[in-house]
Amino acid sequence: MIPSNPMNKTQLTALLRQTALELGFAKVGIVAAEPFLFGEGERLKAWLSLGYQAEMAWMVTHLEKRLDPASLMEGTKSIVCVAMNYYTPDEYDATDPVALKIAKYARGTDYHYVVKDRLKELLACLQTVAPGVQGRALTDSAPIMEKPLAIKAGLGWMGKNGNLILPGMGSWFFLGELLLDVELDYDASTVPNHCGNCRRCIDACPTDAIVENGVVDANRCLSYWTIEYKGETLPEEISRHQNGWIFGCDICQDVCPWNIRFAKPTQEPAFQPRSINRKPDTEELIALDEDAFREHYRKSPVKRTKLHGLRRNIQSALTGREWAGNPDQES
Ligand code: B12
C-alpha cells in the first residue's frame, strides 16, 4: 500500500528492508556511501601489487572507483547491500574427481540478470513512495568491492576461503548493491569472524590458491582458470589438479562447515540447474556445437568462456585425470 504522506528517512529505510526481503533477498544491510580510505583499499592495492589478479586486467583499471563506490553514480548517499541465495544441492558426488562439474553459481540463469532486475524492482518500489529518488543497481557489474561493502553493512564476515559468509546461512549467496541518492538509517554493527581455527578450505584447495586467510591468488585458483583465463590451453599443473571442474570451482565452499550445516536450497526459479548442468555428461558436452551451446547456455554464466573455452576446460579435465592416474606420465 502506498501511503499518502511523504515518508521520512526511518520509514523509507524500513520499507526498503521489508521490500528487499519480500523480493527474495536473504539479507539486507545499508551503509553510507563513503570511500574506503584505509584497510580495504590498502589490502586491494597489496593484492594487485602481488599480481594476484593474474590476467584480469579489469581489476587494475578504475582502481579509484573501486575505492570510492559513490563515484559510480552522481549524488550517491547510501548503499543498500543485499545477498541472494543460489544454493542447489549436487545431484552427483562432487568429491568424485572423475565427474565433470559446473560450479553451483553457474547452473541456472546468470545472476547479473537476476540480481540486477530484482534490485531495479526494489528501486521502482521505492520510487512509488519517493518519486524523485535516483538509484543504480549493481551486481559485479561495475568496479566495486562487494565483499568489503557487505561486511561494512553487517551481512557477514570474510571467510578464510575468500567468500563472504552469512551467519546461520553460509556463503552460497550472490552480493548486489543499490546506490541511492537519499540518506537512510545505516547499519552500524558488523558480524564477527566465526572461522575460528578451522582451515578446511585452505587444506582442501587442490592448487593451494588460498595464500592467507581470506586471500585468494587467482593464478592458482581453478575458478580463475576455468572462467576468466582466455588462453588456448590450461597449464599442466592446473590440469592435473582440476578434479573435473569445467566451469568454476566450489571446493573451498563445499567443505565449509557453515555451508554443510546451514545451506538451504534456493527458492529462486532462475537459479535452478538447467538440465545440461545437473549431472554434466562428458559425451553430451563434447558433442555440443555452436547452436546447441547457444541454446543451452543462453543467459547463463557459462557463456563467458564461449564454446571453445568450455571445450578447452573439458579437454584439460580429461587429460588431467589421466595424468593424475599416471603420475609418471610426461606431458
Ligand atoms: C575478482 C573476483 C574473483 C577472482 C578472485 C577471487 C577473490 N576471492 O577475490 C576469481 C576469478 C578467482 C573469483 C572466483 C570466485 N568468485 Co568471484 N569475484 C571477483 C570480484 C569481481 C572482485 C573481488 C575482488 O575485488 N577481489 C580482490 C580482493 C583483494 O578483494 P576482496 O576479496 O574483496 O578483498 C578484500 C577483503 O578481503 C578485505 N578484507 C580481508 N580481510 C578482511 C577483514 C575485515 C575485517 C575487513 C573489513 C575486510 C577484509 O580486504 C580486501 C581488499 O579490500 C567479485 C565481485 C566484486 N565486484 O566485488 C566477485 C565475487 C567475489 N565472486 C563471487 C563468487 C560467487 C565467486 C566463486 C564462488 C565462483 C565459483 N564457484 O567459481 C569463486 C570463489 C573463489 C574464492 N575462493 O574466492 C561472489 C562472492 C559472493 C560471496 N558470498 O562472497 C562475488 C562477490 C560476485 C557477486 N556479486 O556475488 N572471483
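Note that ligands are numbered from 1 as they come in the structure, with each ligand's atoms numbered from 1 the same way. In this text the structure is predicted, and so the values were computed from the model without any measurement.
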Hey, is [X] touching ligand 1 through its side chain, its backbone, both or neither, going by heavy atoms under 4.0 Å?
{"X": "Lys152", "result": "neither"}
{"X": "Phe174", "result": "both"}
{"X": "Glu146", "result": "both"}
{"X": "Asn193", "result": "neither"}

Requested in this report: Quick one: list whatever passes side-chain hydrogen bond (donor to acceptor under 3.5 Å, both in side chains) with Arg311, sequence neighbours left out.
Outcome: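 side-chain hydrogen bond (donor to acceptor under 3.5 Å, both in side chains) list for Arg311, sorted by chain: empty.
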
Write out the residue and atom name of the closest protein heavy atom to [atom], then the distance separating them to 0.1 Å.
{"atom": "atom 64 (C) of ligand 1", "value": "Asn163 OD1, 4.4 Å"}
{"atom": "atom 81 (C) of ligand 1", "value": "Phe173 O, 3.2 Å"}
{"atom": "atom 90 (O) of ligand 1", "value": "Leu175 N, 2.9 Å"}
{"atom": "atom 52 (C) of ligand 1", "value": "Glu40 O, 3.0 Å"}
{"atom": "atom 5 (C) of ligand 1", "value": "Trp47 CZ2, 4.1 Å"}
{"atom": "atom 36 (C) of ligand 1", "value": "Met158 CE, 3.2 Å"}
{"atom": "atom 4 (C) of ligand 1", "value": "Met56 CE, 3.8 Å"}
{"atom": "atom 44 (C) of ligand 1", "value": "Ile151 CD1, 4.6 Å"}

Hey, does the side chain of [X] reach the backbone of [Y] with a donor-acceptor pair shorter than 3.5 angstrom?
{"X": "Ser78", "Y": "Val182", "result": "yes"}
{"X": "Thr139", "Y": "Lys116", "result": "no"}
{"X": "Ser49", "Y": "Ala46", "result": "yes"}
{"X": "Arg261", "Y": "Cys256", "result": "no"}

Is there side-chain contact between [X] and [Y], with heavy atoms separated by less than 4.5 Å?
{"X": "His194", "Y": "Pro192", "result": "yes"}
{"X": "Ile251", "Y": "Pro206", "result": "yes"}
{"X": "Asp181", "Y": "Val133", "result": "yes"}

Atom indices of ligand 1, in the order listed, that fall short of 4.0 Å to a heavy atom of [X]:
{"X": "Asn161", "result": "76 (C), 77 (N), 78 (O)"}
{"X": "Cys221", "result": "12 (C)"}
{"X": "Ala103", "result": "71 (N)"}
{"X": "Pro148", "result": "33 (O), 35 (C), 53 (O)"}
{"X": "Cys252", "result": "77 (N)"}
{"X": "Thr139", "result": "89 (N)"}
{"X": "Cys249", "result": "70 (C), 71 (N), 72 (O)"}
{"X": "Gln253", "result": "68 (C)"}

Please check [atom] for a protein heavy-atom neighbour under 4.0 Å.
{"atom": "atom 58 (O) of ligand 1", "value": "yes"}
{"atom": "atom 79 (C) of ligand 1", "value": "no"}
{"atom": "atom 24 (C) of ligand 1", "value": "yes"}
{"atom": "atom 30 (O) of ligand 1", "value": "no"}
{"atom": "atom 62 (N) of ligand 1", "value": "no"}
{"atom": "atom 18 (N) of ligand 1", "value": "no"}
{"atom": "atom 73 (C) of ligand 1", "value": "yes"}

For [X], is the nearest heavy atom under 4.0 Å from an atom of ligand 1?
{"X": "Gly39", "answer": "no"}
{"X": "Lys104", "answer": "no"}
{"X": "Tyr52", "answer": "no"}

Taking [atom] as the point of reference, which of [options] owns the nearest heavy atom?
{"atom": "atom 1 (C) of ligand 1", "options": "Met59, Glu42, Lys45", "result": "Met59"}
{"atom": "atom 9 (O) of ligand 1", "options": "Lys147, Arg220, Lys160", "result": "Lys147"}
{"atom": "atom 69 (C) of ligand 1", "options": "Trp58, Phe36, Tyr105", "result": "Tyr105"}
{"atom": "atom 54 (C) of ligand 1", "options": "Asp140, Val191, Ile144, Leu164", "result": "Asp140"}
{"atom": "atom 14 (C) of ligand 1", "options": "Ser223, Gly248, Gly170", "result": "Ser223"}
{"atom": "atom 6 (C) of ligand 1", "options": "Val216, Val82, Leu222, Leu48", "result": "Val216"}

Under a 4.0 Å N-O cut-off, is there an ion pair linking [X] with [Y]?
{"X": "Glu22", "Y": "Arg118", "value": "no"}
{"X": "Lys147", "Y": "Glu40", "value": "no"}
{"X": "Arg200", "Y": "Asp203", "value": "no"}
{"X": "Asp187", "Y": "Arg17", "value": "yes"}
{"X": "Arg278", "Y": "Glu91", "value": "yes"}
{"X": "Asp90", "Y": "Lys279", "value": "no"}
{"X": "Lys104", "Y": "Asp250", "value": "yes"}

Requested in this report: Compute the centroid of each ring, for Trp258 and then for Trp172, and state whether the two points are separated by less than 6.0 Å.
Outcome: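 Between Trp258 and Trp172, the centre distance exceeds or equals 6.0 Å.
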
Query raised in the report: Do the ring centers of Phe271 and Tyr111 come within less than 6.0 Å of each other?
Result: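 Ring-ring flag for Phe271/Tyr111: false, centres at least 6.0 Å apart.
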
To the closest 0.5 Å, what do you measure between [atom1] ([X]) and [atom2] ([Y])?
{"X": "Ser189", "Y": "Lys152", "atom1": "OG", "atom2": "NZ", "value": "14.5 Å"}
{"X": "Arg240", "Y": "Trp323", "atom1": "CZ", "atom2": "CH2", "value": "6.5 Å"}
{"X": "Leu100", "Y": "Asn277", "atom1": "CG", "atom2": "CG", "value": "11.5 Å"}

Requested in this report: Report yes or no: do Leu119 and Val114 belong to one cluster of Ile/Leu/Val/Met/Phe/Trp/Tyr joined by side chain heavy-atom distances under 4.5 Å?
Outcome: yes

Query raised in the report: Quick one: does Glu228 get an N or O within less than 3.5 Å of an N or O on ligand 1?
Result: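 No - when backbone and side-chain N and O of Glu228 are compared with those of ligand 1, no distance drops under 3.5 Å.
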
Report task. Would you check whether Tyr86 has a nitrogen or oxygen atom less than 3.5 angstrom from a nitrogen or oxygen atom of ligand 1? Result -> no

